[in-house]
Amino acid sequence: MKKEIEKAYNAKKYEDSLYKKWEESGAFSPKIDKSKKPFTIMMPPPNATGQLHLGHAMMLAIEDIMIRYHRMKGDPSLWLPGTDHAAIATQNKVEQELAKKGITRHDLGREKFLKEVRAYVKNSQGTIRRQIRKMGSSCDWTRERYTLDDGLSKVVEDVFVKMYKDGLIYRGDRIVNWCPRCHSTLSDDEVDYKSENAKMYWIKYGPFVLATTRPETKLGDTAVAVHPKDKRYKEMIGKKYQIPGVLGDFEVIVVGDKAVDPEFGSGAVKVTPAHSFTDFEIAQRHNVPVKKIIDEDGKMMENCGKYEGMTTAECRKEILKDMEKMGLLEKVEDYEHKLSVCYRCGSSIEPLTSKQWFVDVNKKAKRLNNKTLKEKSLEVVKDGSIKIIPSRFNKTYFHWMENLRDWCVSRQIWWGHRIPVWYCKKCGEVHVSGDKPIKCSGCSHKEFKQDPDTLDTWFSSGLWTFSTLDWPNGEDYKYFHPTSVLETGYDILFFWVARMILMTTYATGEVPFKNVYLHGLIRDKNGEKMSKSKPETCIDPLDMIDKYGTDSVRLSLVIGGTPGNDMRVYEEKISGYRNFINKIWNSSRFVLMNLDEEDLQIEFNPKMIKSLADKWIVSRLNEIIKESTKDIEKHRFSDAGMKIYDFFWSEFCNWYLEISKGDLQNKAILKYTLETLLKLLHPFTPFVTEVIWGELKKEKMLISESWPKPDPKLAFAKEEKSMQRILNIVSAIRRARADYNVPPGKQISAAIYSKYHKDLEAQREPIMRLARLEELEIKEKGKKLPKSKAVMLPHIEIYIPLEEMVDVEKETLRLKKEIESLKEYIEKIDSKLNNKGFLNNAKQELIDQEKIKKEDANNNLQKLEKELKEL
RNA sequence: GGGCGAUUAGCUCAGUUGGUUAGAGCGUCUGGUUUACACCCAGAAGGCCAAUGGUUCGAAUCCAUUAUCGCCCACCA
């Protein structure tokens with residue numbers, strides 16, 4: 001009984017249940033097999049806060065392609081999913097929710113607030129899990145992890161303690177980026193810059209006149225810096241001056257520092273060490289005192305006299321008024337500068353000094369073979385232990401790493417890993433350990449207060465590749481680490497990738513991953529960043545899945561993209577791939593209609609290859625297997641997908657299936673080709689291929705099938721060429737018909753004269769059917785048919801009698817045009833072949849090729865000229 | 001200020017180590033109910049590969065300069 005499936009593929013009908021079937025089959029969970037090399041990907045944790053967006057969807061599609069491919073190849077393939085607590089981001093989100101009810105986190109208190117956050121995270125985790133499944137991601141849910149799981153938290157504490165003991169973590173009173181809104185420090189990378197139109201104030205400053213954009217910081221000035229070689233100020237270096245200020249005179253010391261640009265402004269800079277990174281560094285170099293005047297709320301401190309309690313903005317207004325009164329303000333200019341803002345909430349950053357925990361990136365450690373964290377992290381990329389794709393990001397990475405400053409890891413927010421540090425309540429002694437100490441080593445007191453701060457979220461995500469695998473003793477860790485590929489967007493190269501390298505090489509002595517594949521960012525139709533504020537161009541992957549099916553969405557996110565380059569995504573693109581999915585469905589439908597129950601049992605073997613068309617399709621397929629495999633291995637997913645797509649649609653559907661409608665139908669090859677194509681397509685479009693696989697009555701699911709291997713026995717180069725000639729003949733006749741508007745229903749006749757006449761004779765049936773001929777003469781040589789249109793292919797003459805339809809004038813024109821372009825072509829080849837340089841330098845193979853081209857072209861030229869004469 | 005990327009058909013993009021008469025999809029045009037598919041089939045039109053110069057027998061591809069657009073980094077107060 002022949003099988004008939006629905007007329008169009010209905011993704012919704014199959015996807016969810018199929019996913020469940022895969023998951024329940026255990027196919028997602030790899031078994032440790034020490035005789036095999038594993039393939040591992042750690043899924044970058046999507047923020048526990050958000051909805052799945054196209055960026056995630058692309059990441060999932062690319063990673064799933066790799067995992068499904070390796071799984072089919074037989075590698076124990078682990079794709080570990082998980083979520084991140086996303087400290088600041090999550091806390092902000094919950095605070096926003098609370099704010100709607102008029103509550104702050106302080107109203108609730110730490111414990112109650114954390115309870116709220118946990119509830120929120122639990123909910124969003126559920127959402128993101130469902131959405132990851134929607135994308136068809138074949139990740140191992142049995143190994144799912146969350147950064148705040150007990151095991152992972154333990155690793156975080158252990159690594160912190162270890163680093164402290166190795167002297168790589170210290171507590172220091174240093175300048176940090178402070179977000180007054182989040183009420184927390186931020187690392188250098190968590191600061192964004194925004195252009196802003198500001199004012200430059202020139203102020204009289206004792207013996208100096210100098211420019212500043214922040215006059216209110218004058219209250220914290222302790223020095224004036226000049227370039228050491230600046231003649232104007234050279235004599236003043238080292239001297240102290242009394243500067244008149246709005247709160248009375250204050251003292252500054254003049255220091256010479258190369259950081260000052262003598263060309264800019266007046267060449268003299270006021271130094272506010274507590275509230276500017278540059279100034280802090282200058283102050284450190286010259287032992288200048290640090291005077292903090294702005295507090296953690298962004299308000300002026302008690303040492304600011306009448307300005308105490310004002311915000312910096314308020315203070316600036318007032319102080320300018322006062323300066324003006326005192327005649328200290330010389331002039332005001334417009335000035336554009338970069339304002340630093342918090343990457344999470346957009347508030348402007350207040351640099352200030354604060355007692356915080358830092359990771360020392362410039363200290364040599366035994367554990368790192370006496371290298372620093374920075375040196376080690378540079379080394380593993382330089383020596384190729386880690387390969388970044390595309391490689392141009394090496395430079396970016398090196399530059400960032402070389403200029404990395406000590407990393408402030410303490411945060412004053414509540415959501416996250418508590419810093420494993422305990423202070424003795426009596427003597428204040430610092431104890432660094434995961435568990436609360438039993439008694440103080442300094443004074444034997446037994447009561448302690450834990451450091452109220454939490455760790456930077458990137459501290460824990462830096463450990464992601466191994467904290468998820470039960471490091472250091474777990475079987476999974478020993479087998480699956482280092483991971484094979486880290487796939488993520490280039491926008492988090494610094495935040496995450498670099499820190500994983502830094503943390504993992506230190507903690508485990510291994511690299512976290514061997515390859516880093518950086519994908520580009522998704523843009524909208526106009527090339528702009530996609531954002532919910534532009535709903536016309538913003539695309540929600542879930543809507544698209546609902547409308548076009550997951551397979552279509554996956555393809556549209558993979559094909560056309562190259563690593564590191566941004567990609568535009570819009571609905572028409574997705575619907576285009578939906579058409580392809582439907583094409584897969586319908587061609588399979590056709591094959592199934594031609595196979596009966598028994599045919600489904602046929603197992604392919606090369607003896608079943610019969611016709612020229614069979615050899616051609618099998619050989620071409622063999623080639624596609626070879627090429628797409630190579631492309632996937634080299635991370636060229638788009639190329640692989642595109643090649644399979646092209647082959648499927650044009651060679652398989654448009655030619656082979658059409659040929660199969662005639663005498664040459666070969667069910668075995670039809671089945672073999674389709675099955676192999678389903679395997680090749682499966683990593684890209686897992687759902688539709690698996691559904692069809694089921695229709696083919698397979699025992700094993702496609703997800704667990706093995707990846708096709710190219711077979712040299714299935715390569716038929718000669719037959720490929722000879723089949724190509726048939727296809728060219730059919731196309732030529734079709735073109736002739738179209739030229740003369742021959743109604744498709746009308747059957748015409750043709751004569752073909754060629755030295756290949758024997759081969760052609762064997763293909764008489766498909767040629768006649770595909771070109772819609774009622775009569776066909778095939779001979780080695782023959783006379784031109786009267787009143788016919790002539791088409792010349794290499795060593796093939798085709799005459800199509802079109803009688804009254806032949807328009808002599810039109811035909812003359814066409815022939816002339818063709819002769820002209822042929823002549824140009826020959827000239828071009830001639831210039832190559834007459835060029836001594838070419839003959840001396842080019843490969844012989846290439847020269848021979850050119851000669852053949854010329855011969856063929858000449859041949860055609862002669863025939864066309866003859867044809868023109870006889871017209 | 002430094003670094004990186006993009007610039008190829010009307011649109012979106014391929015083009016892997018230099019050698020194809022420069023490709024695809026969408027869109028456009030002309031036809032079309034043929035053993036699956038109109039989410040389809042057959043055919044066509046459409047390109048000085050941003051500009052200039054160089055290397056080479058040979059350049060969309062390598063080098064230099066320029067232009068436009070975009071991104072990243074940076075302590076010019």
Side-chain angles (χ1 to χ4, degrees), chain A residues 4-5 7-9 193 200 210-214 225 259-261 263-272 276-282 337-338 390 392-393 395-396 399-400 403 490-491 493-494 520-521 523 525 527 548 552 559-562 564-570 572-573 575-594 630-631 634 636 638-639 642 645-646 653-654 657-658 660-662 665 731 734-735 737-739 741-745 769-770 772 821-822 824-825 828-829 831-832 835-843 846 849-850 853 857:
Chain A
E4 193 150 338
I5 57 179
K7 260 190 120 168
Y9 175 59
Y193 296 91
M200 176 79 92
L210 42 75
T212 179
T213 50
R214 299 195 63 188
V260 180
D261 177 0
E263 304 293 319
F264 189 87
S266 63
V269 189
K270 65 188 217 47
V271 178
T272 322
S276 150
F277 275 82
T278 328
D279 294 3
F280 185 81
E281 280 162 19
I282 292 175
H337 80 146
K338 295 262 159 65
R392 67 182 139 92
F393 282 98
K395 213 168 172 176
T396 320
H399 182 257
W400 182 85
N403 293 292
Y490 65 75
D491 54 331
L493 178 63
F494 304 144
L521 272 29
R523 322 222 133 226
K525 200 174 180 161
Y548 301 108
S552 322
I559 295 188
T562 42
N565 293 327
D566 296 353
M567 184 171 59
R568 298 183 193 205
V569 176
Y570 40 91
E572 296 91 306
K573 202 168 183 175
S575 74
Y577 287 110
R578 184 271 320 268
N579 297 353
F580 176 60
I581 301 299
N582 194 239
K583 190 74 184 174
I584 300 174
W585 178 260
N586 265 292
S587 49
S588 304
R589 178 168 184 258
F590 173 81
V591 173
L592 281 163
M593 284 166 75
N594 281 282
K630 196 169 145 201
D631 284 337
K634 301 219 158 177
R636 297 189 298 241
S638 171
D639 288 1
M642 208 146 30
Y645 174 105
D646 281 346
C653 292
N654 292 349
L657 288 191
E658 289 308 318
S660 291
K661 291 176 182 173
Q665 185 178 88
S731 294
R734 283 173 175 172
R735 212 172 302 129
R737 294 181 65 115
D739 273 359
N741 293 322
V742 179
R769 188 162 42 81
L770 297 180
R772 319 203 106 238
S821 81
L822 253 181
E824 271 171 42
Y825 179 48
K828 214 166 147 184
I829 301 174
S831 71
K832 270 190 201 173
N835 186 329
K836 261 193 188 161
F838 177 73
L839 295 174
N840 291 337
N841 294 309
K843 278 185 217 153
L846 198 76
Q849 248 176 54
E850 293 295 319
K853 276 191 211 162

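In what follows, chains carry the letters A, B, and so on, assigned in the order in which the sequence lines appear, proteins first and then strands, with residues in each chain numbered from 1.
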Of all the nucleotides listed (A36(B), A14(B), G25(B)), which has the minimum atom distance to the side chain of Tyr645(A)? G25(B)

Spacing between Lys7(A) atom NZ and C37(B) atom C1', to the nearest angstrom: 8 Å

Interatomic distance, Asn403(A) CG vs C72(B) P [rounded to whole Å]: 18 Å

Between G25(B), A14(B), U12(B), which nucleotide has the shortest distance from any of its atoms to the side chain of Tyr570(A)? U12(B)

His399(A), nearest nucleotide to its side chain (from A36(B), U12(B), C73(B)): C73(B)

In whole angstroms, the gap separating C1' of C29(B) from CG of Asp739(A) amounts to 14 Å

Arg392(A) CZ to C4(B) P, straight-line distance once rounded to whole Å: 11 Å

From the list C41(B), A44(B), C76(B), which nucleotide is the closest neighbour of the side chain of Lys583(A)? C41(B)

Starting at CG of Asn654(A), measure out to NZ of Lys583(A) and round the result to the nearest 0.5 Å. 5.5 Å

Asn582(A) has its side chain closest, among C37(B), A77(B), C73(B), to C37(B)

Does a nitrogen or oxygen in the side chain of Ser821(A) sit under 4.0 Å from OP1 or OP2 of U21(B)? no

Less than 4.0 Å between a side-chain N and a carboxylate O, is that true for Glu572(A) and Lys525(A)? yes

Over how many whole Å does the gap from Arg578(A) atom CZ to G25(B) atom C1' extend? 15 Å

Side chain of Val269(A), heavy atoms from C-beta onward: which of A77(B), G43(B), G3(B) has the nearest atom to it? A77(B)

Please confirm whether the shortest side-chain N or O distance from Arg568(A) to OP1 or OP2 of C13(B) is below 4.0 Å. yes

Roughly, in whole Å, what's the span from CG in Asp566(A) to C1' in C69(B)? 13 Å

Examine C40(B): is either OP1 or OP2 under 4.0 Å from a nitrogen or oxygen in the side chain of Asn579(A)? Give yes or no. yes

Just how far, in rounded Å, is C1' of C57(B) from CG of Asn835(A)? 4 Å

Between U16(B), C57(B), G5(B), which one does the side chain of Phe838(A) approach most closely? C57(B)

Closest approach of Ser660(A) to Phe590(A) (non-hydrogen atoms, all atoms of both residues): CB-CE2, 4.5 Å

Tell me the interatomic distance from Arg769(A), atom CZ, to C41(B), atom P, rounded to whole angstroms. 16 Å

Sugar-phosphate only, base, or nothing, as touched by Lys338(A) at under 4.0 Å among non-hydrogen atoms: base

Base, sugar-phosphate or nothing for Met642(A)? Non-hydrogen atoms, less than 4.0 Å. sugar-phosphate

Of the candidates U16(B), G43(B), A36(B), the side chain of Arg734(A) sits closest to G43(B)

